[in-house]
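Inspection log for the structure reproduced underneath, given as structure tokens.
Chain A is the first sequence line, chain B the second, and so forth, proteins listed ahead of strands; every chain is numbered from 1.
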Amino acid sequence: MPIIKLPDGTSREYDTTVSGIEIAASIGPSLAKAALLVEVNGDLCDLSLPISEDAEIRIITEKDEEALEVIRHDSAHILAEAVKELWPETQVTIGPAIDNGFYYDFARETPFSIEDLELIEKRMLDIVSRNEKIEREVWSRNDATEFFSQAGEHYKAEIISGLPEEEPITIYRQGKFVDLCRGPHLPSTGRVGAFKLLKVAGAYWRGDSQNEMLQRIYGTAWSTKKELDLYLQRLEEAEKRDHRRLGRQMDLFHFQEESPGAVFWHPKGWRLFRSLVDYMRERQELAGYVEINTPEIMDRSMWEASGHWQTFRQHMFTTQTEDSRIFAIKPMNCPGGVQVFRNNLRSYRELPMRIAEFGKVHRYEPSGSLHGLMRVRAFTQDDAHIFCTESQVQDECCSVVELILSIYKDFGFADVKIKFADRPEVRIGSDETWDKLESALRGALDSMGYKYEVNPGEGAFYGPKIEFVLTDAIGREWQCGTLQVDLNLPERLDANYIGIDGEKHRPVMLHRALFGSLERFTGILIEHYSGNLPLWLSPLQVVVASITNEIDDYARQVLDSLRSKGLKAELDIRNEKIGYKIREHSIAKVPIIVALGAREVENNTVAIRRLGSKN
RNA sequence: GCCGCCGUAGCUCAGGGGUAGAGCGCGCCCUUGGUAAGGGCGAGGCCGUAAGUUCAAUUCUUACCGGCGGCACCA
């Protein structure tokens, strides 16, 4: 006799075991019609699941957020069913819901083509209109293994063997399609909303590059067609703010195949880049940093001493001279920084010593990972190494965190996630030292009252780290800043200072970068602002555009006066109509256009037009 | 690095076994026009690179290079 409590606080008693759909029906026919799932004591379940004991339930309809994930998951199942109908020899593997949609990974010899996608999508619509019942069954482990092995679904069989003993093996059946799945699912295939298949891609089985590659099909799914269309529209918008496209339109930079992953900065792009450096230089000086510069190329022995040769070799560019000496082009700035520190005998009085370097590093990144400015092989870090005593670690970390957050705010990033990564399994240093460093790092965050996520075991082998992830205007996350505590390098490269006791001591070394890579940060800024950079960052702030050539001299005067005020201004006295000039400079995202005609000359004024305005 | 797709003018792209086309941009001329494209004429291409098939390859095949979308990597 279950007593069912509903969200509005009322309870209903049922004579026998009752299912979600029956409860919904007993409340009202329209609810029964709209019901997709039921939440029982906080767990999302199938509507058909029998409830035999007292429970708090909630009927989930298309309006509830929870429904969307299930709609996406069901879309994945329908995708798999369609593929199995079209190509029965294809093996199914896994197919989860993801942000905005779903995917399903298939094992088959020939990859899917774009044309296949259309075919599959048609078949999926077919399955939806068949409105097949989706039924849950619990099987024994043996039966399930047997069934999937017999069916040639070896991946499914492998998944079952990996499930914990106590976990029930649930099977979902829709039409002739039978899939191993935890669920829950909608009552039938007709209940999914609007979906669209988007792309095919390769993906490794279980996400491991050692494993075979599967064929993944991505799709997006929504409760309604309207939401789907909105999403597709959003994708188009996102494409418009792609920094690679805007980089061309704004004439900021280009790439070419002789140097994959390396930027050719154009004058305006380089001006933007320099603005970032100038800004950072100013902030760092105020924060008590000194700036150095160290060689791009150093002898192999340096990298052997630092440990990079052993652990980072595959990412390093090297060069060999006529006399057969091997040099490496630096992939990191830290060994150079340590050399500057240890070039003098240091006193504890000099600590903390904050040494910054805008160092250009080269890393041989995998070809498939290159992506515009976001992932390059040659980039400039706003790097710094802080040498300090163990007791200074926490204060120094606090200052770095404060500096980072304050700087991000200046660039319009208020939403910053902080992640804390502690000791990994493979590490150096004693547990006592790790305790000290971790508590110093966490203490810094705690003392400042910042919330942070913990990534257990994700720290560097030489010390714990903090990562700063910022969210851009369209909600994407970017890891930029990082703060790492290091005991390894000072040891390996023999950095030390003389303590108050007159003895040599090992300093702690903090590695930190705020923008991370200046190239990447530039890319993020371009996309965040959709190219409409704030005035202070804009590499070209004002264009002085003449309406007729008769006033060219006046335009020159205005230009000179703007430039003398420190504004980045250019002149456009080409023989073109003003509308044409406005259009061209608007596409190039120039924030201010000053239009000059006879009227302005007469009154000794200017007509100002802000980017995007009507007039 | 792995899977798939792509590589034709500065850009965006069409074409297709008989050595190439559009729009924009660029140059010259006309036009001096008041807030997102005024008009005319013209110049621009070893069809990514190399091999193979063929009487003939930009077109078909293969390899390589590069790009794009994912995966893996990075952080």
- Find the distance A:Glu584:CD to B:A36:C1' and express it as a whole number of Å. 11 Å

- Query: Base, sugar-phosphate, or nothing: which does A:His585 touch, judged by heavy atoms less than 4.0 Å apart?
  - Reply: nothing

- Below 4.0 Å: OP1/OP2 of B:A36 and any side-chain N or O of A:Arg609: yes

- Can you measure from CG (A:Leu232) to OG1 (A:Thr220) and round to the nearest 0.5 angstrom? 6.5 Å

- Look at A:Arg206 together with A:Glu158 and state whether they make a salt bridge at an N to O cut-off of under 4.0 Å. yes

- Message: Using a 4.0 Å heavy-atom cut-off, does A:Gly597 contact any base of the nucleic acid, only the sugar-phosphate backbone, or nothing at all?
- Response: base

- Within a reach of under 6.0 Å around CD of A:Glu109, are more than 12 heavy atoms found that belong to other residues, nucleotides or ligands? no

- Task: Mind running salt bridge (Lys or Arg N to Asp or Glu O under 4.0 Å) on A:Glu438 and A:Arg423 for me, showing each step along the way?
- Result: CA-CA 8 Å; A:Glu438 283 174 4; A:Arg423 68 190 78 185; 2.9 Å; yes

- Given protein heavy atoms under 4.0 Å, the one-letter contact record of nucleotides 58-63 of chain B, with B base, S sugar-phosphate only and - none, is simply ------

- Item | Separation between the C1' atoms of B:U58 and B:G17, rounded to whole Å | 10 Å

- Expressed as a whole number of Å, how far does the P atom of B:G15 sit from that of B:G48? 15 Å

- Query: Rounded to whole angstroms, how far apart are CZ on A:Arg206 and C1' on B:C2?
  - Reply: 19 Å

- Query: Under 4.0 Å between a side-chain N/O of A:Tyr580 and OP1 or OP2 of B:G25, yes or no?
  - Reply: yes

- Which part of the nucleic acid, if any, lies within reach of A:Ala607 when heavy atoms closer than 4.0 Å are counted: base, sugar-phosphate only, or nothing? base

- Within this structure, what is the CG-to-P distance between A:Asp383 and B:A75, rounded to whole angstrom? 13 Å

- Message: Is it the case that B:G67 (base atoms only) and A:Gln256 (side chain only) share a donor and an acceptor within less than 3.5 Å, ignoring hydrogens and angles?
- Response: no

- Query: Reckon A:Pro260 touches a base, only the sugar-phosphate, or nothing at all at heavy-atom distances under 4.0 Å?
  - Reply: sugar-phosphate

- Query: Reading RNA chain B 5' to 3', what string of ( ), [ ], | and . shows its pairs, if Watson-Crick and G-U wobble pairs count only when both distances fall under 3.5 Å?
  - Reply: (((((((..((((....[..)))).(((((.......))))).....(((((..]....))))))))))))....

- Item | side-chain N/O A:Lys199 vs B:G70 OP1/OP2, d < 4.0 Å | yes

- Task: Could you give the distance separating B:U12 and B:G25 at their P atoms, to the nearest angstrom?
- Result: 15 Å

- Message: Looking at A:Arg244, I'd like to know whether one of its side-chain N or O atoms comes within less than 4.0 Å of OP1 or OP2 on B:C68.
- Response: yes

- Query: Do A:Tyr279 and A:Asp410 get their side chains close enough for a donor-acceptor pair, meaning under 3.5 Å?
  - Reply: yes

- For residues A:Ser530 and A:Lys589, is any side-chain donor paired with an opposing acceptor at under 3.5 Å? no

- Span that lies between the P atom of B:A50 and that of B:A22, in whole angstrom: 27 Å

- Message: On RNA chain B, does the nearest nucleotide to A:Gly368 precede the nearest nucleotide to A:Asp208 from the 5' side, or the other way round? Give the residue.
- Response: A:Gly368

- Hey, is the side chain of A:Thr548 poking within less than 4.0 Å of OP1 or OP2 on B:G33, counting only N and O atoms? no

- Item | d(CD, A:Glu458; P, B:C73) in whole Å | 11 Å

- Message: Rounded to whole Å, please give me the gap between CZ in A:Arg574 and C1' in B:C28.
- Response: 16 Å

- Message: Between A:Glu69 and A:Arg72, does any side-chain N to carboxylate O distance fall below 4.0 Å?
- Response: no

- Task: Could you check how far CD of A:Glu550 sits from P of B:G34, rounded to whole Å?
- Result: 12 Å

- Item | A:Phe468 CZ to B:A75 P, straight-line distance once rounded to whole Å | 16 Å

- Task: Provide the distance between the two P atoms, one in B:G7 and one in B:G33, to the nearest whole Å.
- Result: 47 Å

- For nucleotides 3-13 of chain B, read 5' to 3', which letter fits each nucleotide if B means a protein heavy atom sits under 4.0 Å from the base, S means only the sugar-phosphate is that close, and - means neither? BS------SS-

- For the pair A:Trp205 (side chain) and A:Leu214 (backbone), establish whether a donor and an acceptor sit closer than 3.5 Å, ignoring hydrogens and angles. no

- Please walk me through it: do A:Glu458 and A:Lys419 pass salt bridge (Lys or Arg N to Asp or Glu O under 4.0 Å)? CA-CA 10 Å; A:Glu458 296 277 302; A:Lys419 295 182 180 173; over 6 Å; no

- Specify the separation, in whole Å, of atom CD1 of A:Ile593 and atom C1' of B:G34. 13 Å

- Query: Does atom OH of A:Tyr364 have more than 12 heavy-atom neighbours from other groups under 6.0 Å away?
  - Reply: no

- Message: Does A:Gly516 reach a base, just sugar-phosphate, or nothing at all? Heavy atoms under 4.0 Å.
- Response: nothing

- Message: If I pick the P atom on B:G18 and the same atom on B:C60, what distance separates them, to the nearest angstrom?
- Response: 11 Å

- Any idea if B:G44 is syn or anti, going by the 90°-from-0 cut? syn

- Item | Within 45° cone of A:Trp87 ring axis and under 6.0 Å: A:Arg108 NZ or CZ | yes

- Task: Using a 4.0 Å heavy-atom cut-off across all strands, classify A:Gln249 as base, sugar-phosphate, or nothing.
- Result: nothing

- Task: Return the minimal non-hydrogen interatomic distance between A:Leu441 and A:Cys397, and the atom names on each side.
- Result: CD2-SG, 3.5 Å

- Nearest listed nucleotide, side chain of A:Ser369, among B:A72, B:A75, B:A36: B:A72

- Message: If I pick the C1' atom on B:A9 and the same atom on B:C46, what distance separates them, to the nearest angstrom?
- Response: 13 Å

- So, A:Glu121 side chain and A:Lys196 main chain: donor-acceptor pair closer than 3.5 Å or not? no

- Message: Please tell me whether A:Arg354 and A:Ser399 have a donor and an acceptor in their side chains that are separated by less than 3.5 angstrom.
- Response: no

- Kindly say whether, by distance alone, the side chain of A:Tyr204 makes a donor-acceptor pair under 3.5 Å with the base of B:G1? yes

- Task: Between A:Gly481 and A:Ser586, name the one whose nearest nucleotide on RNA chain B is closer to the 5' end.
- Result: A:Ser586

- Message: Checking the side chain of A:His585 only, and the main-chain atoms of A:Lys581 only, is there a donor and an acceptor separated by less than 3.5 Å?
- Response: yes

- Message: In whole Å, measure the gap between the P atoms of B:U54 and B:U59 for me.
- Response: 16 Å

